[in-house]
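Ligands are counted one by one from 1 in listed order, and the atoms in each one are counted from 1 as well. Residue numbers start at 1 and run along the sequence shown. What you are looking at is a predicted structure, and each value in this text was computed from that prediction instead of being measured.
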Amino acid sequence: MKLNESLGMSKQRLGSSGLYIMLMSIHGLVRGRNMELGRDADTGGQVKYVVELAKELSHLPQVARVDLVTRQIIDPELDPDYAASLEPLGEKAFLVRLPCGPRDYVRKEELWPYLDNFADNVMQYIVNIGIRPSVIHTHYADAGYVGTRVAACTDIPLIHTGHSLGREKLRRLLDIGLSKAEIEKEYNISQRIEAEERILEVADLVIASTQQESTQQYSIYDNFHADRMKVIAPGVDLKNFHPPCEDYRAPHIKQDIERFLHNPNKPIVLALSRPDQRKNIHTLVKAFAKNKKLRELANLLILAGNRDDISDFDQGPRKVLTRLLMEIDRYDLYGSVSIPKHHKIEDVPFIYQYVVKTGGVFVNPALTEPFGITLIEAGATGLPIVATNDGGPKDIIEHCNNGCQIDPLDSREMGKVLLDLLTDRKQWQKFSQNGSKNVREFYTWKNHARIYIQSIEAIIQKRTNKKSNTISSPVIKNDKIDRLIVCDIDNTLIGDRDGLKAILDQIESNDNVGFGVATGRGIESTLKILSEWKVPVPDYLITAVGSEIHYGGNLSEDLDWIKQSSYGWNALKIRQLLKNYPGIKQQAKANQRKHKISFNVLDEEEFDYAHLVSLLRKSSLHANVIYSHGAYLDILPIRSSKGLALRYLASKLQISPERILVAGDSGNDAEMLTGNTLGVVVANYSEEIAALRGQPSIYFAEKSNAWGVKEGIQFYKFFDDYKIA
Ligand code: GLC
Ligand code: MG
């Protein structure tokens, strides 16, 4: 199906004011059928969650369309399904795949440099589709980060689900003895945590799966807002997960399971998870091995993803699987542990039923478990569960009374609990019945969707500046121009008169090129300095570090931008809080704007940037703090920056970021240099943006000031008569 066809249908429904929900989940392998859960570390419960959520929401009468936006992967090693830009998930639900960095598979920790590009691609998609989503609902920190950018430019409410949290992960990894440096290298954890702080600062609603996640895991963030949290447990697909009935059939992998076992009729202890260190399967193996009675009584079945050749795996899963096989060998568990190489997701409901028939149990020994979808699926099938004493299992066992909690580090206790449960058949029966009955009551997607829709409708209503769901025609479209050049002023456009003249002449002689500036200065000071340097008044002026936009004959200010970008802004309180902050001093009155508070940094040693950011966050003062030249500190509304203002302007002009050349030299330019814009950094740049080197579409010029801009124009062949893709 083509995008246009899918749109025609949706537009009809949206005409009758239905909700258009955009879900976003970027990493892993996402498709509607035959999900390859467990194939790699990024394709697990979250993928299943988002696909099921998309389908369920699309069944509701209030919903006109659901798009689940993910990353497009064009990789010869993978199924071509992941390359399709559109995959219908149902009558009103679609999977939309957009490019994000390289074409082939990239693990989530390495996607960070491409997320600004992905955000631009999402915004372009919204422009193409011509309909404003009613909400954007992001999943995990990567999509959340993208959501903060898209929400800021479009003023669409942002809903977020973390699935797992960086601060929690950091704590856990430190606990097991990894150093901060190791964790950073492997997981890019500080970038993830910073993104999560941002998301919590901006999101209208954060959905957690359990009470513990909401109150204990999120509360360690500076931006924790209890009033924006909502616990909505995920659901289980009840059509597939139910106790064995007349149409019971053995799982396809029955023989595969049994070829490992001396006596396949014994009750089975089943563990099913990705081969991830956190899942702690080796402790279960130890628990089983060391409990003689348990070994005699039961078999252990481990389904840890699919494998052909373990040596082909990444280090993480390779280590986990190697260790498992070594433990099986060490304790000589041959004949009583089954560890099949393959299983298909469609077979899982039958595997659970098969284990029920042996009178077995399901065990999840993970070190921590934010939710654990498998627990409710196994429970719904009638398997008693034994699970880690943590977030998800706690809630599930409390609601369903269908199993026991264990300490994941205590293998001896684990063995004992399993043995007791398998021997006490009365208890087994009770847990089995409770599970299949109570999961049906507490964990249905229908329930989830009902509470979900109530919550988002409340949010949409709360937004006073509620907008219509069609994108209004661009107010300031100028048919003459098809591309734009936007320069920072100080140290970029100005500083070298000859270079300046050279590029001004070039711009002047190309009618199809619009000209803009983006500066830290206020509008008055901008006009003054431009006139001193004999620069004609630009078509578009982004001033006060993006907090103001002016254009048109009389240079009037765009008031819509002010309204949407000033979200959560409280200048008075910020001024008060930072009045005597060490190492900084407020700049002159003339530099203070309604939506920009500026300081000079007097003493770089004394001034603690990270502390200041955290202080603002803990005081619930939402702000974007931008440090430039080691000398200036600008505090802006959280939805304000040169980059965001530029994108807002670009969408009004209907010019996509790929057709905008931006040039700058310092920290306050960073956000307009990343993403799909054609970035140029002049040679006299200041240290804080050195890290942008190597990022996609950012050119570091060899020349300084305007000569550097000119070099960038040549590099991109920007004025040439070519059609930009
Ligand atoms: C300009 C502004 C100043 C700001 C600086 C960095 O110099 O006048 O207020 O702090 O840019 O953005
Ligand atoms: Mg500058």
Side-chain angles (χ1 to χ4, degrees), residues 485-496 499-500 503 516-533 535 538 541-550 565 571 574-575 578 581 583-604 607 609 612-613 623-638 640-646 661-674 677 679-690 692 698 700-701 703-710 712:
I485 172 162
V486 177
C487 281
D488 165 53
I489 298 181
D490 294 274
N491 302 314
T492 305
L493 189 63
I494 63 174
D496 184 302
L500 174 62
I503 56 169
V517 290
T519 174
R521 294 169 180 260
I523 181 77
E524 304 80 10
S525 140
T526 302
L527 293 172
K528 188 159 165 273
I529 188 88
L530 291 177
S531 124
E532 278 168 27
W533 283 75
V535 180
L541 297 114
I542 293 171
T543 59
V545 201
S547 65
E548 298 169 22
I549 303 176
H550 296 260
S565 67
I574 295 178
R575 279 208 190 85
L578 300 181
Y581 199 81
I584 57 173
K585 187 169 181 283
Q586 282 219 21
Q587 292 179 12
K589 254 219 162 107
N591 288 349
Q592 310 297 340
R593 314 289 300 184
K594 195 156 174 232
H595 298 103
K596 162 178 168 283
I597 305 171
S598 292
F599 295 85
N600 289 322
V601 176
L602 302 178
D603 185 340
E604 266 207 275
F607 170 59
Y609 173 84
L612 180 140
V613 170
N624 195 4
V625 185
I626 297 178
Y627 196 10
S628 313
H629 295 290
Y632 305 122
L633 190 78
D634 300 314
I635 303 186
L636 309 167
I638 187 75
S640 208
S641 73
K642 283 187 183 179
L644 295 172
L646 176 65
L661 184 138
V662 295
D665 72 296
S666 77
N668 72 11
D669 301 313
E671 276 199 38
M672 67 172 182
L673 291 163
T674 57
T677 48
V680 180
V681 176
V682 291
N684 53 312
Y685 66 86
S686 101
E687 199 41 44
E688 70 267 7
I689 56 169
L692 295 183
I698 299 188
F700 275 69
K703 297 187 181 122
S704 295
N705 303 80
W707 289 119
V709 182
K710 188 155 193 291

Exercise for the section: Taking atom OH of Y627 as the centre, report whether more than 12 heavy atoms of other residues, nucleotides or ligands fall under 6.0 Å from it. Expected result: yes

Practice task
Kindly say whether S641 contributes a backbone atom to a donor-acceptor pair with the side chain of E671 at under 3.5 angstrom?
Solution key: no

Problem - Residue E687 excluded, over 12 heavy atoms near CD under 6.0 Å - result: no

Practice task
May I ask you to list the atoms of ligand 1 that are less than 4.0 angstrom from any heavy atom of N668?
Solution key: 6 (C), 12 (O)

Exercise for the section: Report the angle formed at the Mg ion (ligand 2) by atom OD2 of D488 and atom O of D490, rounding to the nearest 10°. Expected result: 80°

Practice task
Considering heavy atoms of the protein only, find what lies nearest to atom 2 (C) of ligand 1 and give residue, atom and distance to 0.1 Å.
Solution key: G520 O, 3.4 Å

Handout entry: Proximal ligand 1 atoms for V545, defined as those under 4.0 Å from one of its heavy atoms
Key = 12 (O)

Problem - Donor-acceptor under 3.5 Å (S628 side chain, N668 main chain) - result: yes

Handout entry: Main-chain N/O of V625 paired with Y609 side-chain donor or acceptor, under 3.5 Å
Key = yes

Handout entry: Q587, portion touching ligand 1 at heavy-atom distance under 4.0 Å
Key = side chain

Handout entry: Pair E524 + K528: basic N to acidic O under 4.0 Å
Key = no

Exercise for the section: Please confirm whether Q592 comes under 4.0 Å of ligand 1, counting heavy atoms of the residue only. Expected result: no

Handout entry: Ligand-side contact atoms (ligand 1) for residue partner K596, heavy atom cut-off under 4.0 Å
Key = 3 (C), 9 (O)

Exercise for the section: Tell me which protein heavy atom sits closest to atom 4 (C) of ligand 1, plus the residue, atom name and distance to 0.1 Å. Expected result: D634 OD1, 3.3 Å

Handout entry: Atom nearest to the Mg ion (ligand 2) - D665, N, O or S atoms considered
Key = OD1

Handout entry: Expected output: side-chain K596 to main-chain R521 donor-acceptor under 3.5 Å
Key = no

